[in-house]
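Predicted model only: the values in this text are computed from it and were never measured.
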Amino acid sequence: MKLKTDTWVIVANGNKYLVLHNLGWPDHLDLRVLKHDEIDVPQTQDLARDRAGRQQERFRPGISGFKQVDEHEARETAFARQLISKLNERAEQKRFSDIVIVADPETLGEMRPAYSAQLKERLVGEIAKDLTNLTIPDIEAVVNAA
């Protein structure tokens, strides 16, 4: 993928993100970190120790159960939505002209419905891969190959 100078590349998953700024040109990426953030998301078994609740039915015989809430997944979803909220705000402020979003498929699926019209106008590509644990040169190589 050929990226213009000043393009932002967002690399994210459910608990970590990097905002990278391309200072290079289309044939030679030079990504620099503008911002990064990470939250600690404990495993579900550490967050919810109780079993799902049960309820006596009022109009039919029997007992029905409630679905166990996956706290781990809920926190990751909230983190992804906060990131998109910030990006929507930056797009409205015209802080970037082009943007590429790189995220694992689940996080990307959570983020897409929240894209604002301004963000969609500036979106030049998406890559459905988790690159958050790679080095900047490795991220550049994946983006170049896309």
Side-chain angles (χ1 to χ4, degrees), residues 1-55 57 63-146:
M1 181 180 306
K2 304 283 186 191
L3 301 181
K4 294 189 273 183
T5 303
D6 291 332
T7 299
W8 282 15
V9 177
I10 309 304
V11 179
N13 64 17
N15 65 341
K16 181 184 200 179
Y17 74 82
L18 297 165
V19 178
L20 304 171
H21 183 221
N22 182 30
L23 298 177
W25 52 92
D27 293 331
H28 178 73
L29 290 181
D30 183 13
L31 299 178
R32 305 288 173 97
V33 177
L34 283 179
K35 185 171 178 151
H36 61 91
D37 194 11
E38 183 173 1
I39 60 168
D40 182 33
V41 181
Q43 295 298 317
T44 300
Q45 71 253 15
D46 297 333
L47 292 169
R49 297 188 187 273
D50 294 335
R51 290 179 40 196
R54 302 187 70 71
Q55 175 181 359
E57 290 290 336
I63 297 175
S64 59
F66 295 105
K67 182 180 176 190
Q68 180 75 29
V69 175
D70 187 344
E71 288 292 327
H72 180 83
E73 187 175 311
R75 289 185 185 194
E76 287 186 343
T77 298
F79 184 76
R81 289 190 178 154
Q82 283 178 331
L83 173 59
I84 284 300
S85 176
K86 290 176 188 177
L87 292 175
N88 286 337
E89 194 176 297
R90 300 302 187 274
E92 189 175 313
Q93 297 168 351
K94 299 181 179 161
R95 298 274 303 271
F96 55 87
S97 58
D98 294 324
I99 189 168
V100 174
I101 298 178
V102 182
D104 63 279
E106 293 83 18
T107 302
L108 200 55
E110 290 293 334
M111 296 165 80
R112 275 188 190 128
Y115 290 174
S116 69
Q118 292 89 355
L119 182 65
K120 287 179 186 177
E121 287 174 8
R122 291 166 173 74
L123 186 66
V124 295
E126 292 179 331
I127 301 173
K129 292 183 180 180
D130 186 359
L131 306 181
T132 55
N133 293 322
L134 296 182
T135 63
I136 300 297
D138 291 340
I139 293 170
E140 290 172 351
V142 171
V143 171
N144 269 331

Worksheet item: Are side-chain heavy atoms of D27 and K2 found at a separation under 4.5 Å?
Response: yes
Is it true that a side-chain atom of [X] and a backbone atom of [Y] form a donor plus acceptor pair closer than 3.5 Å?
| X | Y | answer |
| --- | --- | --- |
| T5 | L23 | no |
| N22 | D6 | no |
| S85 | R81 | no |

Fill in: Under the side-chain hydrogen bond (donor to acceptor under 3.5 Å, both in side chains) test, residues paired with K86 that sit two or more places apart
none
Practice prompt. Step through the shown structure and confirm whether more than 12 heavy atoms of other residues, nucleotides or ligands are within 6.0 Å of CD on E92.
Written response: no
Worksheet item: Run the side chain to side chain contact (heavy atoms under 4.5 Å, CB included) check on K94 and R122 step by step: do they pass?
Response: CA-CA 9 Å; K94 299 181 179 161; R122 291 166 173 74; 3.2 Å; yes
Practice prompt. Only pairs at least two apart or in different chains count here, so list each ring-ring contact (aromatic ring centres under 6.0 Å, His included) that has a residue in residues 110-146.
Written response: none
For residues 98-106, dump all side-chain donor-acceptor pairs below 3.5 Å to protein atoms at least two apart in sequence or in another chain.
residue: D98; atom: OD2; partner: K4; partner atom: NZ; Å: 3.2
residue: D104; atom: OD1; partner: T107; partner atom: OG1; Å: 2.7
residue: D104; atom: OD2; partner: E106; partner atom: N; Å: 3.4
residue: D104; atom: OD2; partner: T107; partner atom: N; Å: 3.2
residue: D104; atom: OD2; partner: T107; partner atom: OG1; Å: 3.2

Discussion item. By the definition side-chain contact (heavy atoms from CB on, under 4.5 Å), identify the one residue from V9, V33, L34 that meets it with V19.
Written reply: L34
Response to the item:
side-chain contact (heavy atoms from CB on, under 4.5 Å) test vs L131 passes for just one of I139, N13, L18, D138, namely I139
For [X] against [Y], the heavy-atom pair lying closest together:
| X | Y | result |
| --- | --- | --- |
| K16 | F79 | N-CE2, 3.3 Å |
| L31 | E140 | N-OE2, 2.9 Å |
| F96 | R90 | CE2-CB, 3.7 Å |
| T132 | A12 | CG2-C, 3.6 Å |
| I127 | A146 | CD1-CB, 3.6 Å |
| L3 | V143 | CD1-CG1, 3.7 Å |

Distance in Å, [X] [atom1] paired with [Y] [atom2], rounded so as to fall on 0.5 Å steps:
| X | Y | atom1 | atom2 | answer |
| --- | --- | --- | --- | --- |
| E121 | S116 | CD | OG | 8.5 Å |
| L87 | I10 | CG | CD1 | 5.0 Å |
| D30 | H21 | CG | NE2 | 10.0 Å |
| L108 | D130 | CG | CG | 11.5 Å |

